[in-house]
Amino acid sequence: MPELPEVETIRKGLEKKVRGKRVNKVIIRSEKAIKAPSSPDEFVKKIEGRKLSEIKRKGKYLILELDCKDSLIIHLKMTGRLIYSSEGEELSYARVIFIFPDKTQLNFTDMRGFGGLWLVPDEEFSNIPLLKSMGPEPLENDFTLARFRGLLKGKKGKIKSLLMEQTFIAGVGNIYSQEALFLSGIHPERNASMLIDREVESLYNNLLAVLREALSYGGSSIDAYVDLNGKKGSYESHLRVYGRQKKNCPRCGAVIRKIKVSGRGTCFCPVCQK
DNA sequence: CAATCGTCCTGCGGGC
DNA sequence: TGCCCGCAGGACGATT
């Protein structure tokens, strides 16, 4: 499931491969993938002939600005992929295809079909409430320890659920919330209001560290994630607790446990994380 | 109001 | 061994 490091890897790929290109043709194979506008025909008409300008990211959303007032928003959810290929490739898998004049194309594929594309007026994002209420970007310079402390103030929920809330911090999901908590020695079910100063500082440092580290490896290929060239990330073999239930803790050797936190699978070391 | 639950979907793997 | 049930989960809407 692509989180910040994976989506950012794709964003960089898009910047390199498709930024500045004009979209000659749009093919929709799965109308369900088009979330806005309600008419897929309108989606096609508004994009064909337009040029892709800036490629941005907000949390786990990709924002492809067109050379008009509209932006193409993409969320990959669990199994969505964006694959850049030469024209004609990947056609049988793709739900939506964007074809460029240089005989290349951008394919949106999505096995489970939770992902989606929105074409919305620039910066309005009216159909996507979360884009308006998105929390701060953890890897930006203004995300300081003081700001993190401020965000936590008055928060009462389980720390792991809080980390995954996109309105709290942008782009953190099930993988990196678990990794950051492990590195900080904090049990995922601890109440956010009960963390002491030292733990908050540790969590801040480790969250940033694990996101940066994963980004440097091109993300983790959990589920279906690959980059724009169809290449897997290489961080999944470095994950310390995610998906490692019943295996040994890399730090103390104890058996890693798996529990449900707010209905989501969560791995942790019962010895290291208190 | 905040927390939790069900929903969408389908490939795969844990468990019998 | 082989098969199949249920797990996997981001975000949202409904519910309590």
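In what follows, chains carry the letters A, B, and so on, assigned in the order in which the sequence lines appear, proteins first and then strands, with residues in each chain numbered from 1. Model, not experiment: these values are computed from the prediction.
Of the candidates Val261(A), Ile259(A), Leu181(A), His187(A) forms a side-chain contact (heavy atoms from CB on, under 4.5 Å) with just one, namely Ile259(A).
Within 6.0 Å of the NZ atom in Lys25(A), the count of heavy atoms belonging to other residues, nucleotides or ligands does not exceed 12. More than 12 heavy-atom neighbours from other residues, nucleotides or ligands sit within 6.0 angstrom of NZ on Lys21(A). Annotation: Lys16(A), atom NZ; neighbour count of heavy atoms from other residues, nucleotides and ligands within 6.0 Å does not exceed 12. Atom CD of Glu31(A) has 12 or fewer neighbouring heavy atoms from other residues, nucleotides or ligands inside a 6.0 Å radius. Within a 6.0 Å radius of CZ in Arg190(A), more than 12 heavy atoms belonging to other residues, nucleotides or ligands are found.
Between Lys246(A) and Lys156(A), the residue anchored closer to the 5' end of DNA chain B is Lys156(A), taking for each the nucleotide with the nearest heavy atom.
A salt bridge links Lys56(A) to Glu65(A): at least one charged side-chain nitrogen sits closer than 4.0 Å to a carboxylate oxygen. Checked for salt-bridge contact, Glu137(A) and Lys58(A) miss the test: no charged N lies under 4.0 Å from a carboxylate O.
Rounded to the nearest 0.5 Å, atoms OG1 (Thr9(A)) and OH (Tyr235(A)) are 12.5 Å apart. To the nearest 0.5 Å, atom CZ of residue Arg50(A) and atom CG of residue Leu119(A) are 10.5 Å apart.
Gly115(A) comes within 4.0 angstrom of no nucleic acid atom, judged by non-hydrogen atoms across all strands. Note on Lys155(A): nothing from the nucleic acid sits closer than 4.0 angstrom, heavy atoms only.
With hydrogens and angles left out, the side-chain atoms of Asn191(A) and Lys155(A) include no donor and acceptor closer than 3.5 Å. In the model, Thr109(A) has no side-chain atom that pairs as donor or acceptor with a side-chain atom of Asn107(A) under 3.5 Å.
Between Gln245(A) atom CD and dC7(C) atom P there is a gap of 13 Å when expressed in whole angstrom units. Distance, Tyr176(A) OH to dG9(C) C1': 15 Å, rounded to whole Å. Per the geometry, CZ belonging to Phe114(A) stands 15 Å off C1' belonging to dG13(C), to the nearest Å. Spacing between atom CG of Leu163(A) and atom C1' of dG10(C) amounts to 16 Å, rounded to whole angstrom units. Following rounding to the nearest Å, Glu6(A) (CD) and dG9(C) (C1') show an atom-to-atom distance of 14 Å. In this structure, Glu3(A) atom CD and dA8(C) atom C1' are separated by 13 Å, rounded to whole Å. Rounding to whole angstrom units, CE of residue Met164(A) and C1' of dG10(C) are separated by 7 Å. Nucleotide dG9(C) holds its P atom 6 Å from the CE atom of Met1(A), rounded to whole Å.
Within residues 257-267 of chain A, the residues approached by DNA chain C to less than 4.0 Å at the level of any non-hydrogen atom are Lys258(A), Lys260(A), Arg264(A), Gly265(A), in residue-number order.
One finds no side-chain N or O of Gln166(A) lying less than 4.0 angstrom from the OP1 or OP2 phosphate oxygen of dG10(C). At least one side-chain nitrogen or oxygen of Tyr242(A) sits closer than 4.0 Å to the OP1 or OP2 atom of dG9(C). The side chain of Lys60(A) contributes an N or O atom lying less than 4.0 Å from OP1 or OP2 of dA11(C). Between dA11(C) and His75(A), a contact under 4.0 Å exists linking OP1 or OP2 to a side-chain N or O.
Protein chain A touches strand DNA chain B; the 5'-most and 3'-most nucleotides with an atom under 4.0 angstrom of its non-hydrogen atoms are dA3(B) to dG15(B).
Between the axis at the start and the axis at the end of the helix from dA2(B)-dT16(C) to dC16(B)-dG2(C) there is an angle of 60°, using five pairs per end and rounding to 10 degrees.
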